[in-house]
Amino acid sequence: MKPGDVRIKPTELYSSLLTVFGPQDWWPARTGFEVAVGAILTQQTSWKNVEKAIRELRRKKLLTAKKLAIAKQPAIESCIRPAGFYKQKARRIRLLAQEFPRIRESAKKLKLPELRTELLELDGVGKETADSVLLYAFDFPILPIDAYTHRITQRIYGFDGDYEELRLFYESRLPRDPSILNEFHALLVELAKRNCWKKGPDCQSCPVMGECKPAGSKLK
DNA sequence: GGCCAGGTGTAAA
DNA sequence: TTTACACATGGC
């Protein structure tokens, strides 16, 4: 099966998931800056542990770009320890906080590709993180591709590709509408969390089980 | 006790 | 261009 050889269309997948799961109301953050911090924290880390880190940053009144930009490294580290890689992430969050005012201004002036380039220049901001910030903090029409999306794509469409291949595959088949892409990504995560690639072929809860390949396909 | 989680940067093959 | 590895805690 090739990328063009689609079983259920992404638009139909979107509709089914929205019907079954309902709106996911993402990203769980209060400000654009919090989106960016969460995006760093969630790298290779479960959202449960990110929540603990966010809560602690908030409790210590550190969860603003202004405060984090001048906070002591150990103060940040002690808050975010549950999210893992805490020394690395503390340094990167501090740098992010220092750059965020400039990024916010760029978001008003620049077009998507240019702003994306700026984000990618930040330490610790790779494609997924950059695209999450673009979509969930600044409302640009772009779809972040995470590990879940790779697995679901493998499962439903029977193929996997690199980051840009998957992003273009979905973006070219969905409306160029940030609210749709926002919801779509969130719904994929919800599906992935409940999904059955771990449970085997008997999974009854997955709304698109009939579209899935049998378990055991090579995952990327 | 082992494996993995909404990745990224660096260095070597 | 691809692959390997470090980074680290917490849940199951």
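Side-chain atoms are counted along with the backbone in the values below, which use heavy atoms only and exclude waters and symmetry mates.
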Check the interface with nucleotides 9-12 of chain C: list each N/O to N/O pair with the protein under 3.5 Å, or write none.
from   : atom 1 : to    : atom 2 : distance (Å)
C/dG10 : O4'    : A/N49 : ND2    : 3.3
C/dG10 : O3'    : A/K52 : NZ     : 3.4
C/dG11 : OP1    : A/K52 : NZ     : 2.7

Starting at atom [atom1] of [X], determine the distance to atom [atom2] of [N], rounded to an integer number of angstrom.
{"X": "A/D146", "N": "B/dC4", "atom1": "CG", "atom2": "P", "result": "17 Å"}
{"X": "A/I145", "N": "B/dG7", "atom1": "CD1", "atom2": "P", "result": "12 Å"}
{"X": "A/L96", "N": "B/dG7", "atom1": "CG", "atom2": "C1'", "result": "15 Å"}
{"X": "A/Q73", "N": "C/dC7", "atom1": "CD", "atom2": "C1'", "result": "14 Å"}
{"X": "A/Y163", "N": "C/dT1", "atom1": "OH", "atom2": "P", "result": "19 Å"}
{"X": "A/K89", "N": "C/dA8", "atom1": "NZ", "atom2": "C1'", "result": "8 Å"}
{"X": "A/R91", "N": "B/dT8", "atom1": "CZ", "atom2": "P", "result": "15 Å"}
{"X": "A/E121", "N": "B/dG9", "atom1": "CD", "atom2": "C1'", "result": "15 Å"}

### Task
Could I get the full list of salt bridge (charged side-chain N to carboxylate O under 4.0 Å, His left out) partners for A/R58, not counting sequence neighbours?
A/E34
#### Entry: Selection residues 125-146 of chain A - residue pairs positive for salt bridge (Lys or Arg N to Asp or Glu O under 4.0 Å), sequence neighbours left out
A/R116-A/D131, A/K127-A/E164
Determine yes or no for a side-chain-to-main-chain donor-acceptor pair under 3.5 angstrom, with [X] supplying the side chain and [Y] the backbone.
{"X": "A/Y157", "Y": "A/I8", "value": "yes"}
{"X": "A/R81", "Y": "A/Y86", "value": "no"}
{"X": "A/R173", "Y": "A/F169", "value": "yes"}
{"X": "A/E99", "Y": "A/A97", "value": "no"}

## Note on the structure
By side-chain contact (heavy atoms from CB on, under 4.5 Å), A/E56 pairs with (sequence neighbours left out) A/R59, A/K60, A/C79
## Note on the structure
Residues at least two apart in sequence or cross-chain that pass side-chain contact (heavy atoms from CB on, under 4.5 Å) with A/E105, listed by chain then number, are A/K108, A/K109
### Task
Using a cut-off of strictly less than 4.0 Å between a heavy atom of the residue and any atom of DNA chain B, enumerate the qualifying residues of residues 122-130 of chain A by number.
A/L122, A/D123, A/G124, A/V125, A/G126, A/K127, A/E128, A/T129
### Message
Side chain of A/A147 only, heavy atoms from C-beta on: which candidate in B/dA5, B/dG7, C/dA8 is closest?
### Response
B/dG7
### Query
Do A/V35 and A/F184 belong to the same hydrophobic cluster, where Ile, Leu, Val, Met, Phe, Trp and Tyr are linked whenever their side-chain heavy atoms lie under 4.5 Å apart, directly or via other members?
yes
#### Entry: Pairs meeting criterion ring-ring contact (aromatic ring centres under 6.0 Å, His included) with involvement of residues 43-64 of chain A, two or more places apart
A/W27-A/W47
## Note on the structure
Residues passing the ring pair (Phe, Tyr, Trp, His ring centres under 6.0 Å) test with A/F33, sequence neighbours excluded, are A/F100
Under 3.5 Å, which protein N or O atoms sit close to an N or O of nucleotides 11-13 of chain B? Give each pair with its distance.
none

### Within residues 35-46 of chain A or reaching into it, pairs that qualify as side chain to side chain donor-acceptor pair (under 3.5 Å) - sequence neighbours excluded
A/Q43-A/T129, A/T45-A/K89, A/S46-A/N49
Show each protein N/O and nucleotides 2-6 of chain C N/O combination with a separation under 3.5 Å, one pair to a line.
none

### Residues which pass side-chain hydrogen bond (donor to acceptor under 3.5 Å, both in side chains) with A/S179, listed by chain and number, not counting sequence neighbours
A/D177
### Message
Minimum heavy-atom separation for A/N182 and A/Y136, please, with both atom names.
### Response
O-OH, 2.8 Å
### Task
Rounded to whole angstrom, note down the P distance from C/dA8 over to B/dG1.
23 Å
